[in-house]
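Each remark here refers to the structure printed beneath this line.
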Amino acid sequence: MTIRVMLVDDQELLRTGFRMVLQSQGDIEIAAEAGDGAQALERLARAEVDVVLMDVRMPRMDGVQATRQICLDASGVPIPGAPHVLILTTFDLDEYAFAALKAGASGFLLKDVPPTELVAAIRAVHGGDAVVAPTTTRRMIDRFAQVLPTPSTAPGSPVLGPLTDREREVFLLVAQGLSNSEIAARLTLSEATVKTHVGRILAKLGLRDRVQAVVLAYENGLVRAGATD
């Protein structure tokens with residue numbers, strides 16, 4: 001299956017570099033390019049795209065606004081079948097990248113990412129995974145927890161109402177940044193069982209990936225910044 005990618009960056013030289021790397025892959029094609037978020041939305045209306053590589057700091061419309069319009073509807077609910085967005089940042093832990101994760105992005109990459117990692121990230125996102133490692137996700141949210149709204153929901157809130165008791169346990173461990181193998185060890189489960197639980201949790205809560213699960217937990221006060229257990 002061919003993965004159709006859109007490159008969105010106001011620096012043409014960077015787009016050229018990414019294009020050269022990706023076009024060398026037999027399963028990836030460049031479906032469209034854009035120089036800012038507004039142009040990206042215009043071209044997405046006419047192009048079939050699976051994954052968007054999105055810069056954050058651009059003229060006219062930045063990557064955060066564009067990501068929100070691509071991934072979420074007017075009420076903030078994920079749009080079924082929308083392209084997956086990978087955020088491109090110049091600096092690790094860029095606050096704009098964090099905002100884009102809240103807006104529905106599936107992960108972030110540094111602009112100096114090695115070609116092999118770039119290709120692997122695109123394939124992972126296309127397959128439905130988030131490309132930010134759990135520990136990196138936690139570090140990001142711990143770093144930028146102050147930009148989250150004041151928690152309005154206490155642990156045990158209706159936010160987790162659709163989940164079973166076991167799924168709540170798994171959800172809270174995902175939100176703390178634990179990997180599937182770490183959760184399996186903590187709860188004495190197989191990794192396959194944990195993976196199944198995570199899939200059901202995301203489906204029940206209307207979340208696209210683990211990144212969104214972590215954001216949801218922090219926004220609702222279910223996990224504190226810096227929590228480890």
Side-chain angles (χ1 to χ4, degrees), residues 50-52 64 67-87 98-108 121 123-142 144-145 148-225 227-229:
D50 300 308
V51 177
V52 179
V64 175
T67 296
R68 186 175 294 110
Q69 293 193 42
I70 291 169
C71 298
L72 307 177
D73 64 19
S75 60
V77 175
I79 300 173
H84 295 280
V85 177
L86 278 175
I87 297 301
F98 174 77
L101 292 179
K102 289 184 63 181
S106 295
F108 77 101
R123 289 173 178 153
V125 164
H126 183 253
D129 293 330
V131 302
V132 184
T135 53
T136 305
T137 302
R138 186 164 126 203
R139 185 163 55 94
M140 277 191 66
I141 295 185
D142 284 351
F144 293 111
L148 290 170
T150 301
S152 57
T153 311
S157 104
V159 170
L160 303 185
L163 306 184
T164 65
D165 289 343
R166 175 62 85 187
E167 288 168 350
R168 291 186 186 205
E169 286 183 279
V170 173
F171 174 87
L172 293 175
L173 293 175
V174 167
Q176 292 177 39
L178 273 66
S179 66
N180 284 354
S181 61
E182 291 171 332
I183 295 172
R186 181 77 66 91
L187 299 180
T188 318
L189 299 171
S190 70
E191 284 191 51
T193 298
V194 172
K195 185 175 181 179
T196 297
H197 281 312
V198 171
R200 288 175 179 166
I201 289 165
L202 298 181
K204 287 182 178 181
L205 299 182
L207 305 171
R208 294 187 68 171
D209 51 45
R210 301 171 76 99
V211 173
Q212 297 302 306
V214 177
V215 172
L216 177 70
Y218 274 78
E219 283 184 317
N220 287 279
L222 301 176
V223 177
R224 302 186 314 276
T228 57
D229 52 44

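Everything numeric in this text was worked out from a predicted model, so none of it was measured.
Across all their heavy atoms, F171 and A213 have their closest contact at CZ-O, 3.7 Å. Here the closest heavy-atom approach between residue G104 and residue T67 is recorded as C-CG2, 4.2 Å. Pairing each heavy atom of V64 with each of A103, the nearest pair is O-CB, 4.0 Å. Looking at every heavy atom in both residues, A105 comes nearest to C71 through N-SG, 4.4 Å. In plain terms, the two heavy atoms of F108 and L86 that are nearest each other are N-CD2, 4.5 Å. Nearest heavy-atom pair across D50 and H126 is CB-CD2, 3.6 Å.
We find the CD-OG1 distance between E169 and T164 to be 8.5 Å, quoted to the nearest 0.5 Å. Annotation: the span from L205 atom CG to L160 atom CG amounts to 6.5 Å, rounded to 0.5 Å. With values rounded to the nearest 0.5 angstrom, L207 atom CG is found 5.5 Å from L216 atom CG. Between T193 atom OG1 and K195 atom NZ the span is 12.0 Å, to the nearest 0.5 Å. Residue I183 holds its CD1 atom at 9.5 Å from CG of L189, rounded to the nearest 0.5 Å. Within the model, atoms CD of E182 and CG of L173 stand 9.5 Å from one another, a figure rounded to the nearest 0.5 Å.
A search for salt bridge (Lys or Arg N to Asp or Glu O under 4.0 Å) contacts involving E191 returns nothing, not counting sequence neighbours. Looking at residues two or more places apart in sequence or on another chain, you find a salt bridge (Lys or Arg N to Asp or Glu O under 4.0 Å) between R123 and D27.
One finds no salt bridge joining R200 and E167 here, because no Lys/Arg side-chain nitrogen approaches an Asp/Glu carboxylate oxygen to under 4.0 Å.
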One pair to check against side chain to side chain contact (heavy atoms under 4.5 Å, CB included): L187 and V170. What are the steps and the verdict?
CA-CA 8 Å; L187 299 180; V170 173; 3.8 Å; yes
